[in-house]
**Q** 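There's a structure below that I have some questions on.
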Amino acid sequence: MADIMPRATGDTATLPPIMVGTSAAIREVLVLADRAASGHATVLLTGESGTGKDLIARYIHARSSRAARPFVTVNCAVVKDPLLESECFGHIKGSFVGAQRDAVGKLELADTGAILIDEISCASMRMQVRLLEFLETGEVQPLGASGPPRRVDVRLIAATNANLTLLAHSGVFREDLLYRLRVAHIHLPALRDRPDDVAALVAHTIQKTGRAVRFSDQALALLAGYHWPGNVRELQTTVEQLVWMAGVSVIDVQHLPAPFRTPGLRVVSMVERRRQLADDLYAGVIARTISFWGELYPLFLSRDVTRHDLREVLRRGLRTTSGSYRALIPLFGMEPHDYKRLLNFLAAHDCNVDPRPFRKRTAGTADRGSFTMAMLENPRKAPSESSVERPSAES
Ligand SMILES: Nc1ncnc2c1ncn2[C@@H]1O[C@H](COP(=O)(O)OP(=O)(O)O)[C@@H](O)[C@H]1O
Ligand SMILES: [Mg+2]
């Protein structure tokens, strides 16, 4: 139960954690957090990993009227069903393999306080249904229990670094739960989008080490210009390492690790993020959790997905089909008569990708193998081998 905050014993136990930063973005976060703290509404925290979702959850709790009551956390990425359900709702002895005695769920432990449900995008569909029921009724029924459910009064705070709207579009996250969760929505901005906060965060981190060390202005400027893929968490470890390892009282440019001295890396990081999105979209389309016309297409029209992203998805497809546009049709889960529609759509939005490099490069057997495998799962729609090769397929 290490993750249950102690109830207040003195006046310091419930002091809100310090949220460092004076950027407009952080001030906006604090305004929203204070507003959330003054009520009991469910809160949804979004933002990349390391941006301070945990911290702001504790901040909200500590500034709320529930501050002296428990603050309990559950991480849906760490605990899987049925343990996750049991962790939240409790269970009765023998209700599943390994349930050797009754256990009280964290929602009950959090009664009169708050629960942070972290990485909620990882909750199974079943868990999502149970959470939705809980939000609607406030009732807790342990796994395997038959008696009347217990009513509890818990403020729910959910956190995620995923795009829940995108996940809801593709059917892996319940839309009704999303609506319930985002009664109060606070987005934690990435550190790269608020470089003004870097100096204060560096000073805060140094202060915690207790060392009399500072950074030169030039070094601070480089830190402020860095893209911080790991956000504040990465800043903290970077600064701590430099403070302990540098062995000087003023940390200057030459003490910084290479990535900080190479401005081009900022661009690399943006490319990296877009690549990740294209990977996710492509995987979703292939796995049929994202429908090309039903979801990807509307996301493109609403500009949530850019032309660049769409081209990247096509490239991944063409790599698999050895450069055949026609073979993309079954690969992307479309009907044969969609071929013309796809080509028209791509041409109209200037999204065509030259298929020729994929033909040359994939003359070997590896990609052909994976293509054939994918097609075999749906033999009726599989194109003939010749259509994979035919140059006209690109027209
Ligand atoms: N604005 C901030 N001021 C001070 N520390 C911060 C701030 N934002 C994040 N941190 C610290 O950075 C680390 C990562 O934050 P955390 O809340 O765990 O991020 P997340 O939950 O979004 O991954 C923690 O040690 C946290 O205390
Ligand atoms: Mg966290």
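One-based numbering, in listed order, for ligands and for the atoms of each. All of these numbers come straight from a predicted model, not from anything done at the bench.
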**Q** Name the closest protein heavy atom to atom 21 (O) of ligand 1, giving the residue it belongs to and the distance to 0.1 Å.
**A**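 Ranking protein heavy atoms by distance from atom 21 (O) of ligand 1, first comes Asp54 N, 3.1 Å.
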**Q** Between Leu201 and ligand 1, find which residue part has any heavy-atom pair under 4.0 Å and reply side chain, backbone, both or neither.
**A**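 Contact part for Leu201 vs ligand 1: side chain (C-beta onward).
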**Q** What's the shortest distance from atom 19 (O) of ligand 1 to any protein heavy atom, and which residue and atom give it?
**A**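 Here the nearest protein heavy atom works out to Gly52 N, 3.1 Å.
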**Q** What is the nearest protein non-hydrogen atom to atom 10 (N) of ligand 1, stated with its residue, atom name and distance?
**A**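 For atom 10 (N) of ligand 1, the nearest protein heavy atom is Val232 CG1, 3.3 Å.
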**Q** How close does the nearest protein non-hydrogen atom get to atom 14 (C) of ligand 1, and which residue and atom is it?
**A**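 Looking at atom 14 (C) of ligand 1, the protein heavy atom closest to it is Arg233 NH2, 3.7 Å.
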**Q** Measure from NZ or CZ of Arg319 to the centre of the six-membered ring of Tyr282 and say whether it is under 6.0 Å with the direction within 45° of the ring axis.
**A**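 Checked: cation-pi criterion not met.
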**Q** Between Arg58 and Asp54, is the closest basic N to carboxylate O distance under 4.0 Å?
**A**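 Between Arg58 and Asp54 there is a salt bridge, with a charged N closer than 4.0 Å to a carboxylate O.
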**Q** Examine ligand 1 and decide if any of its atoms is less than 4.0 Å from a heavy atom belonging to Gly21.
**A**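 The answer is no: ligand 1 sits nowhere under 4.0 Å from a heavy atom of Gly21.
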**Q** Among all protein non-hydrogen atoms, which one is nearest to atom 13 (C) of ligand 1, and what is the separation to 0.1 Å?
**A**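 Of the protein heavy atoms, Gln236 OE1, 3.5 Å lies nearest.
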**Q** Check whether more than 12 heavy atoms from other residues, nucleotides or ligands sit under 6.0 Å from atom CD1 of Ile18, and answer yes or no.
**A**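 Check fails, neighbour count at 12 or below.
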**Q** Run Asp279 and Arg275 through salt bridge (Lys or Arg N to Asp or Glu O under 4.0 Å) and show every step you take.
**A** CA-CA 6 Å; Asp279 280 342; Arg275 183 175 303 148; over 6 Å; no
**Q** Has Ser49 got any heavy atom lying under 4.0 angstrom from an atom of ligand 1?
**A**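 For ligand 1, residue contact (heavy atoms, under 4.0 Å) with Ser49 is present.
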**Q** Determine the interplanar angle of the Phe332 and Phe292 rings, folded into 0 to 90°, and report it as parallel if under 30°, tilted if 30 to 60°, perpendicular if over 60°.
**A**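 Rings of Phe332 and Phe292: parallel, under 30°.
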**Q** I need the Arg66 CZ to His40 NE2 distance, nearest 0.5 Å.
**A**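 Interatomic distance, Arg66 CZ to His40 NE2, rounded to 0.5 Å: 5.5 Å.
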**Q** So is Ile18 close enough to ligand 1, meaning a heavy atom under 4.0 angstrom away?
**A**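 Under 4.0 Å: yes for Ile18.
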**Q** Asp54: which N/O/S atom is nearest the Mg ion (ligand 2)?
**A**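 So the atom name we want here is OD1.
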**Q** Within the 3.5 Å criterion, strictly below it, is a donor on Ser49 or Asn161 matched to an acceptor on the partner's side chain?
**A**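 The answer is no; no qualifying pair exists.
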**Q** Do Arg194 and Glu28 meet the salt-bridge criterion of a basic N to acidic O distance under 4.0 Å?
**A**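 The answer is no: the pair does not qualify as a salt bridge.
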**Q** If hydrogens are left out, which of Ile26, Leu45, Val20 has an atom nearest to atom 3 (N) of ligand 1, that is, the closest non-hydrogen atom?
**A**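 That would be Val20.
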**Q** May I have the step-by-step check of salt bridge (Lys or Arg N to Asp or Glu O under 4.0 Å) for Lys208 and Glu240, ending in yes or no?
**A** CA-CA 9 Å; Lys208 282 197 292 184; Glu240 280 163 12; 5.6 Å; no
**Q** Ligand 1 and Lys53, any nitrogen or oxygen pair closer than 3.5 angstrom?
**A**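 Yes, Lys53 has an N/O under 3.5 Å of an N/O on ligand 1.
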**Q** Please write down residue, atom name and distance for the protein heavy atom closest to atom 23 (O) of ligand 1.
**A**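 Among all protein heavy atoms, the one nearest atom 23 (O) of ligand 1 is Gly50 N, 2.7 Å.
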**Q** Below 3.5 Å, N or O to N or O, backbone or side chain included: is there any such pair between Leu55 and ligand 1?
**A**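 Between Leu55 and ligand 1 (N or O atoms, distance only) the closest approach is under 3.5 Å.
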